[in-house]
There are 2 protein chains.
Amino acid sequence: MEENNILESVSAQLSAYLTSKKLRKTPERFAILEQIYNMNRHFDVDTLYEIMQASGYRVSRATVYNTVDLLVECNLIVKHQFGTNMAHYEKAFNTDNHFHLICTNCNNVIEVKDEDLNNQLKSRKFKNFEVTGYNLYIYGLCNKCSAKDRNNTIHN
Amino acid sequence: MEENNILESVSAQLSAYLTSKKLRKTPERFAILEQIYNMNRHFDVDTLYEIMQASGYRVSRATVYNTVDLLVECNLIVKHQFGTNMAHYEKAFNTDNHFHLICTNCNNVIEVKDEDLNNQLKSRKFKNFEVTGYNLYIYGLCNKCSAKDRNNTIHN
DNA sequence: TTTACTGCAAATATTTTGCAATATC
DNA sequence: GATATTGCAAAATATTTGCAGTAAA
């Protein structure tokens with residue numbers, strides 16, 4: 001599916017959700033969704049807020065927080081807590097089949113696809129628990145940082 | 001291994017780490033480690049602080065934060081961010097082979113063991129990334145909350 | 001016209017930091 | 001005796017909340 005169709009599709013999804021919950025279709029909500037789907041990496045609320053400002057669209061932080069919560073509720077984005085205090089988010093459309101490698105030294109996050117592992121996790125059932133999603137976080141040292149380690153360089 | 005031996009073992013581990021890093025063996029550090037290993041569930045810093053107070057051992061919040069960071073560094077405890085802003089921690093001794101089911105309605109966390117899945121994750125290698133650990137978080141509705149859902153009960 | 005939503009600012013929650021006093025090595 | 005660590009309080013960071021004004025239905 002090409003870019004524009006994805007945007008149309010997620011906007012329609014949001015629209016349907018708002019209708020079903022009797023919530024309002026405000027321009028802010030669609031503008032934020034659009035901005036998110038134009039980005040290619042995960043983001044935090046503050047970054048999203050600043051990108052909106054920079055792009056000329058004025059919204060308040062409170063609205064960004066509210067909208068991001070809403071988009072999580074209707075499964076258009078996924079929330080992550082990679083180990084810092086700040087929540088990170090990413091698009092949920094066709095991106096549910098990857099994991100995150102998190103460098104505990106530089107906090108960089110790398111995405112990894114693995115269909116086999118993904119299928120296995122998806123097929124796993126649990127007693128008395130209705131699974132809606134999962135996150136696999138793999139911690140360690142990235143290329144750069146483990147190289148630094150080997151050279152005994154001091155890093156912060 | 002019985003309770004006392006575990007405590008001895010983890011204290012020795014901490015002691016060795018402090019020596020190797022030329023850090024000081026303060027009573028606070030060992031008291032906090034002991035308290036943690038006497039508990040049976042994951043905890044947040046504030047809860048740990050209050051349990052220390054209640055048990056009659058006076059430490060400052062700052063020291064609890066510092067010590068918890070230290071214990072993460074030397075692999076005696078593991079840090080989690082279950083989706084809220086508050087970090088959670090748990091013992092790392094012989095407890096690295098389970099996952100967490102997180103109820104997105106009541107925020108309750110259930111532990112699940114699965115040796116097969118664990119072994120598979122452990123054996124998985126990644127290019128240019130040196131794995132030190134991982135966390136698998138499975139989100140959904142627990143027994144109680146999906147029952148509520150079926151009954152159409154309003155819940156917060 | 002009703003009331004959900006927005007923006008702003010203040011409040012809250014969690015964690016970090018600066019600094020003087022203390023205790024380990 | 002040198003300095004790492006502690007406790008306390010203030011600061012920093014991230015998020016939530018209250019409320020008056022605005023706009024969607």
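Every chain is numbered from 1 and lettered A, B, ... according to where its sequence line falls, protein lines coming before strand lines.
Screening residues 12-39 of chain B for salt bridge (charged side-chain N to carboxylate O under 4.0 Å, His left out), with sequence neighbours left out, gives no hits.
Here the two rings, on B:His42 and B:His80, have centers that are 6.0 Å apart or farther.
Between B:Asp46 and B:Arg61, at least one side-chain N (NZ, or NE/NH1/NH2) sits under 4.0 Å from a carboxylate O, which counts as a salt bridge.
Chain A approaches DNA chain D over the interval D:dA14 to D:dA25, counting the first and last nucleotide 5' to 3' with an atom under 4.0 Å from its heavy atoms.
For the pair A:Arg124 and A:Phe126, the cation-pi test (distance below 6.0 Å, angle within 45°) is passed.
Listed by residue number, there are no residues of residues 41-53 of chain B with a heavy-atom contact under 4.0 Å to DNA chain D. The stretch residues 19-33 of chain B touches DNA chain C through B:Arg24, B:Lys25, B:Pro27, each having a heavy atom within less than 4.0 Å of the strand.
For the residue pair B:Asn118 / B:Tyr134, a side-chain donor-acceptor distance below 3.5 Å is found, with atom types taken as modelled.
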With 3.5 Å as the limit, what N/O pairs link the protein to nucleotides 16-20 of chain C?
none

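With B:Val10 as the partner, the side-chain contact (heavy atoms from CB on, under 4.5 Å) test is satisfied by one option alone out of B:Asn5, B:Leu71, B:Leu76: B:Leu76.
Members clustered with B:Phe82: A:Phe82, A:Ile102, A:Val109, A:Tyr137, A:Tyr139, B:Ile102, B:Val109, B:Tyr137, B:Tyr139, by chain and number, using a 4.5 Å side-chain heavy-atom cutoff among hydrophobic residues.
Side chain of A:Ser20 to backbone of A:Tyr17: a donor-acceptor contact under 3.5 angstrom is found.
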